[in-house]
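First the structure, in the form of structure tokens, and then the observations on it.
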Protein chains: 2
Amino acid sequence: MGAAKSTEFSIKDNSIAKYAKALSHPARIAILKLLTKRQACICGDIVEELPLSQSTISQHLKELKAAGLIKGEIEGARVCYCIDEKQWKKAQTALNDLFESYNKTNSSNCC
Amino acid sequence: MGAAKSTEFSIKDNSIAKYAKALSHPARIAILKLLTKRQACICGDIVEELPLSQSTISQHLKELKAAGLIKGEIEGARVCYCIDEKQWKKAQTALNDLFESYNKTNSSNCC
DNA sequence: TATTCTTATCGCAATATTACGATAGAATTT
DNA sequence: AAATTCTATCGTAATATTGCGATAAGAATA
């Protein structure tokens, strides 16, 4: 009991949930904003900007990478992280479609 | 250790994360799609459509409600759930702004 | 080569999430 | 009034997430 039942749901629903999960922590939102706002994609720079330890930041980066939202490129001893544009747009579309599907059929709300 | 450090992040980042968290489970996506696609906002109908127990669905509904995305109205013995339009659009905007902030400054990707 | 810098991973602890059955309580039906 | 229907909540178990320090391993520097 308590085990995830993700296989019982559609691929699409799981995909949306996966993107949303990546965005479900303020630290990860802050990281993505940093990657967006400046060129400083170096891992160390992110660690300096956020109130979390290096190991914790590294873990959050790993999750964002697993979700596909970012990618990392090794630059010598450092790693440069940045948004994965293709997946970024996929995530945006997936989430926006969900929101829009309501807006379009916004006929008669029963509550 | 292991405690959430949400207070260390901005209200806005926490708000985005809160909405995303509500969307981070396929069952909740499925519930929202049901509320979107048909008028059947009755809790019991949702239970029948999804492969989860009544208590589990009730818990997911509680979380969606806590995030503000849905609201429930008691109709005798039943409860009618539906999308909270105002919050729905807030969530859509909050998430979309995050995505757009990258698309706009999409100048030179270092990776 | 030895040291330092940078990042990922391991191990651990605290907490949160997910799921279900049982049950309570309110409303409806018989 | 008794039985049934409907939903929320409690209790419990399994699993996942969050966070940190310690450490490992590769790269740069002295």
Side-chain angles (χ1 to χ4, degrees), chain A residues 1-9 13-14 17-18 20-31 34-35 40-67 70-82 110-111, chain B residues 1-9 13-14 17-18 20-31 34-35 40-67 70-82 110-111:
Chain A
M1 295 131 185
K5 274 197 156 186
S6 50
T7 50
E8 307 267 6
F9 299 96
D13 288 357
N14 271 290
K18 186 195 70 176
K21 192 166 206 168
L23 302 176
S24 74
H25 194 288
R28 291 196 287 273
I29 299 296
I31 289 171
L34 275 180
L35 295 190
C41 344
I42 305 296
C43 175
D45 293 342
I46 301 169
V47 173
E48 276 184 4
E49 296 268 2
L50 301 186
L52 294 172
S53 75
Q54 181 269 323
S55 61
T56 302
I57 297 287
S58 190
Q59 214 172 296
H60 282 304
L61 287 168
K62 193 180 176 185
E63 278 169 69
L64 287 170
K65 211 172 159 187
I70 67 171
K71 50 186 176 176
E73 200 167 76
I74 297 168
E75 282 190 354
R78 310 174 169 199
V79 178
C80 174
Y81 282 101
C82 60
C110 54
C111 315
Chain B
M1 296 129 187
K5 274 199 156 184
S6 49
T7 49
E8 307 268 6
F9 299 96
D13 289 357
N14 271 290
K18 187 195 70 179
K21 192 166 208 169
L23 303 176
S24 74
H25 194 289
R28 292 196 286 273
I29 300 295
I31 289 172
L34 276 179
L35 296 191
C41 346
I42 305 298
C43 175
D45 293 342
I46 300 169
V47 173
E48 275 184 4
E49 297 269 2
L50 301 186
L52 294 172
S53 75
Q54 181 268 322
S55 60
T56 303
I57 297 287
S58 190
Q59 215 172 296
H60 282 303
L61 287 168
K62 193 180 176 185
E63 279 171 67
L64 287 169
K65 211 172 159 187
I70 66 171
K71 49 186 175 177
E73 200 166 76
I74 296 168
E75 282 191 355
R78 308 174 171 198
V79 178
C80 174
Y81 281 101
C82 59
C110 55
C111 315

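Labels below follow one simple rule: chain letters A, B, ... track the order of the sequence lines, proteins then strands, and each chain is numbered from 1. Owing to the predicted nature of the structure, the values given are computational and were not obtained by experimental measurement.
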S6(B) or V47(B), whichever maps to the more 5' nucleotide of DNA chain D: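 So the residue in question is V47(B).
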
With rounding to the nearest 0.5 Å, note down the distance linking [atom1] in [X] to [atom2] in [Y].
X	Y	atom1	atom2	value
L64(A)	L35(A)	CG	CG	8.0 Å
L34(B)	C82(B)	CG	SG	13.5 Å
F9(B)	H25(A)	CZ	NE2	6.5 Å

Salt bridge (charged side-chain N to carboxylate O under 4.0 Å, His left out) partners for E49(A), two or more places apart: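 Residues passing salt bridge (charged side-chain N to carboxylate O under 4.0 Å, His left out) with E49(A): R38(A).
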
Non-neighbouring partners of E8(A) that pass salt bridge (charged side-chain N to carboxylate O under 4.0 Å, His left out), sequence neighbours left out: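 By the salt bridge (charged side-chain N to carboxylate O under 4.0 Å, His left out) rule, E8(A) matches no residue at all.
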
Polar-atom pairs under 3.5 Å, protein N or O versus N or O of nucleotides 22-29 of chain D: list them with distances, or write none.
{"unit_1": "dA27(D)", "atom_1": "O3'", "unit_2": "A77(A)", "atom_2": "N", "d": "3.3"}

Positions of residues 56-65 of chain A (non-hydrogen atom under 4.0 Å from DNA chain D), listed by number: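 Here the set is T56(A), Q59(A), H60(A), E63(A).
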
Distance in angstrom units between [X] [atom1] and [N] [atom2], rounded:
X	N	atom1	atom2	answer
K18(A)	dT17(D)	NZ	C1'	18 Å
Y81(B)	dC6(D)	OH	P	15 Å
E73(A)	dA8(C)	CD	C1'	18 Å
I31(A)	dT7(C)	CD1	C1'	14 Å
E48(B)	dT7(D)	CD	P	10 Å
L23(B)	dT18(C)	CG	C1'	17 Å
I42(B)	dA8(D)	CD1	C1'	16 Å
H25(B)	dA16(C)	NE2	P	18 Å

Using every non-hydrogen atom in the two residues, find where [X] and [Y] come nearest and quote the distance to one decimal.
X	Y	value
G72(B)	Y81(B)	CA-CD2, 3.6 Å
L52(A)	A27(A)	CD1-CB, 3.6 Å
I46(B)	C41(B)	CD1-O, 4.3 Å
L61(B)	I31(B)	CD2-CG2, 3.9 Å
N14(A)	S6(A)	ND2-O, 2.8 Å

Residue closer to the 5' end of DNA chain C, F9(A) versus V79(A) (nearest nucleotide):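 That would be V79(A).
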
K21(B) or G44(A), whichever maps to the more 5' nucleotide of DNA chain C: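 That would be G44(A).
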
Side chain of S53(B) - closest among dG21(C), dA8(C), dA8(D):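 The answer is dG21(C), which lies nearest to the side chain.
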
Angle of first-five versus last-five pair axes in the helix from dT1(C)-dA30(D) to dT30(C)-dA1(D), to 10 degrees: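 Answer rounded to 10°: the end axes differ by 10°.
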
Show the atom names and distances, to 0.1 Å, of all donor-acceptor pairs under 3.5 Å that link a side chain in residues 53-60 of chain A to residues at least two apart or in another chain.
{"unit_1": "S53(A)", "atom_1": "OG", "unit_2": "S55(A)", "atom_2": "OG", "d": "3.3"}
{"unit_1": "S53(A)", "atom_1": "OG", "unit_2": "T56(A)", "atom_2": "N", "d": "3.3"}
{"unit_1": "S53(A)", "atom_1": "OG", "unit_2": "T56(A)", "atom_2": "OG1", "d": "3.0"}
{"unit_1": "H60(A)", "atom_1": "ND1", "unit_2": "R28(A)", "atom_2": "NH1", "d": "2.9"}

